[in-house]
Amino acid sequence: MEQELLGYFSDIHMALCSLIVTDEEGKELTQEEGMRRWIGRIKEVRKASGCIFLCGNGASAAMAEHFSHDFFQNAKIRTDTCSETSHITAISNDIGYEKVFAYRIERLISEKDLLITISSSGNSPSVIEAIKAAKEKRAFVLTLSGKKKENLSRQMGKLNFYVPLETYGMVESAHAVLLHSALDLFLDEMEGGRH
């Protein structure tokens with residue numbers, strides 16, 4: 001069991017060290033440059049009194065809610081997750097689940113905002129529709145994905161973070177590390193340190 005556990009930890013560590021960051025043209029960036037751009041965008045959103053929208057399904061939805069709160073409380077930025085129960089059930093029932101995030105995003109998002117999508121596969125129809133809606137409004141889109149390297153979402157964002165892992169639990173764990181990293185590094189620069 002000890003070897004399996006260490007192997008599990010090592011696989012996540014190695015995937016984070018092998019993180020692939022690309023821009024909107026598919027150009028590969030260094031991990032440092034990618035994180036610098038992410039933090040820079042958070043600064044721009046706060047300066048413009050913008051909003052960070054986050055969305056995902058399943059565990060990624062829980063992660064979106066978690067970081068929505070963390071950015072709201074600690075980074076002092078407005079946030080939205082499009083995940084209230086009545087909203088999700090109404091849009092799913094009346095329009096279709098693929099529009100569950102896009103429906104709200106297309107009405108609220110603007111150029112001064114940031115959409116962060118969290119999708120292990122990078123191919124969730126609801127996430128892809130959210131990205132399309134945000135891009136139509138000229139909002140900045142940042143994607144987190146894993147599993148297949150050629151997934152759709154990492155081809156659509158202005159900044160894309162892809163972790164080369166194949167299982168949902170490992171991808172989700174890596175995404176949580178990336179989100180905490182961005183927030184903590186932002187807090188180090190803008191709020192005198194993390195909590």
Side-chain angles (χ1 to χ4, degrees), residues 11-56 60 63-81 105 109-120 122 127 130-131 134-135 137-165 170-195:
D11 287 348
I12 294 173
H13 172 259
M14 290 304 297
L16 284 166
C17 291
S18 301
L19 172 73
I20 300 171
V21 185
T22 53
D23 66 12
E24 62 189 321
E25 295 169 355
K27 178 185 172 191
E28 197 166 316
L29 308 173
T30 66
Q31 295 167 359
E32 182 180 352
E33 174 64 13
M35 191 58 72
R36 187 184 64 72
R37 288 189 189 189
W38 187 350
I39 293 165
R41 190 61 195 181
I42 297 168
K43 289 178 184 177
E44 289 177 27
V45 170
R46 187 162 90 167
K47 184 177 180 181
S49 298
C51 182
I52 297 176
F53 290 78
L54 301 100
C55 68
S60 297
M63 208 177 306
E65 290 180 351
H66 173 139
F67 285 96
S68 174
H69 170 75
D70 279 0
F71 276 104
F72 178 79
Q73 180 181 357
N74 300 314
K76 302 175 181 134
I77 298 172
R78 285 188 309 112
T79 60
D80 194 313
T81 63
I105 286 169
I109 208 163
S110 72
E111 291 180 5
K112 65 184 180 180
D113 300 327
L114 166 64
L115 170 64
I116 300 174
T117 63
I118 310 165
S119 175
S120 294
V127 169
I131 293 170
K135 287 176 74 168
K137 297 291 185 169
R138 296 192 171 110
F140 192 100
V141 176
L142 185 148
T143 71
L144 301 178
S145 67
K147 298 189 79 82
K148 303 293 183 200
K149 192 174 183 179
E150 63 279 0
N151 73 71
L152 292 175
S153 67
R154 76 178 291 252
Q155 300 171 39
M156 298 175 72
K158 287 198 174 187
L159 197 53
N160 307 283
F161 289 75
Y162 166 76
V163 287
L165 288 163
M170 287 183 156
V171 174
E172 290 160 2
S173 297
H175 285 170
V177 170
L178 290 171
L179 286 157
H180 271 297
S181 297
L183 176 60
D184 285 349
L185 292 169
F186 174 85
L187 295 175
D188 287 348
E189 287 189 32
M190 302 297 291
E191 294 295 323
R194 63 194 80 167
H195 301 56

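Reckoned from all heavy atoms, side chains included, excluding hydrogens, waters and symmetry mates. Because the structure is a prediction, the values reported are computed rather than measured. The first residue of the sequence shown is numbered 1, and numbering continues consecutively from there.
- Distance check: E33 CD to W38 CH2 gives 14.5 Å after rounding to the nearest 0.5 Å.
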Requested in this report: Show your working on side chain to side chain contact (heavy atoms under 4.5 Å, CB included) between F67 and I116 and close with a plain yes or no.
Outcome: CA-CA 10 Å; F67 285 96; I116 300 174; over 6 Å; no
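- In plain terms, the two heavy atoms of F186 and A75 that are nearest each other are CE2-CB, 3.5 Å.
- A distance of 15.0 Å separates CZ of F53 from CG of L142, quoted to the nearest 0.5 Å.
- Under the 4.0 Å criterion applied to side-chain N and carboxylate O atoms, E32 and R36 are not assigned as salt-bridge partners.
- For the side-chain hydrogen bond (donor to acceptor under 3.5 Å, both in side chains) test with T143, the passing option among N160, N151, T22 is N160; the others fail.
- The closest donor-acceptor contact from the side chain of K135 to the backbone of M156 lies under 3.5 Å.
- Using a 4.0 Å cut-off between charged side-chain N and carboxylate O, K47 and E44 make no salt bridge.
- V163 has its side chain within reach of L178: a pair of non-hydrogen atoms, C-beta onward, lies under 4.5 Å apart.
- Separating the CD1 atom in I118 from the NE2 atom in H175 is a distance of 8.0 Å, to the nearest 0.5 Å.
- Residue-environment remark: CE (M190) exceeds the threshold of 12 foreign heavy atoms within 6.0 Å.
- Q31 contributes no side-chain N or O that, together with a main-chain N or O of V21, makes up a donor-acceptor pair within less than 3.5 Å.
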Requested in this report: Begin from the C-alpha positions of R37 and D23 and carry the test side chain to side chain contact (heavy atoms under 4.5 Å, CB included) through to its verdict.
Outcome: CA-CA 10 Å; R37 288 189 189 189; D23 66 12; 4.0 Å; yes
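- Rounded to the nearest 0.5 Å, atoms CG (L165) and CG (L16) are 7.5 Å apart.
- In this structure, E191 pairs ionically with R46, as a charged nitrogen and a carboxylate oxygen lie closer than 4.0 Å.
- Between the Q155 side chain and the E150 main chain, a donor and an acceptor come within less than 3.5 Å of each other.
- In terms of heavy atoms, A64 sits closest to L54 at CB-CB, 3.8 Å.
- L115 approaches A134 most closely through the heavy-atom pair CD2-CB, 3.6 Å.
- No side-chain donor-acceptor contact under 3.5 Å links R154 to the backbone of G122.
- Nearest heavy-atom pair, C55 versus A130, reported as atom, atom and distance to 0.1 Å: SG-CB, 3.9 Å.
- When all heavy atoms are compared, the tightest approach of M63 to E172 is CE-O, 3.4 Å.
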Requested in this report: Could you give me the CA-CA distance, side-chain angles and deciding distance for L152 and I131, then say whether side chain to side chain contact (heavy atoms under 4.5 Å, CB included) is met?
Outcome: CA-CA 10 Å; L152 292 175; I131 293 170; over 6 Å; no
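- Note: H66 NE2 to L183 CG = 8.5 Å, rounded to the nearest 0.5 Å.
- The shortest side-chain heavy-atom distance between E189 and K43 falls under the 4.5 Å cut-off.
- E65 and T81 get closest at one heavy-atom pair: CA-CG2, 3.9 Å.
- Atom NE2 of H180 is surrounded by more than 12 heavy atoms from other residues, nucleotides or ligands within 6.0 Å.
- Interatomic distance, OG of S181 versus CG of L19, reported as 9.5 Å (0.5 Å rounding).
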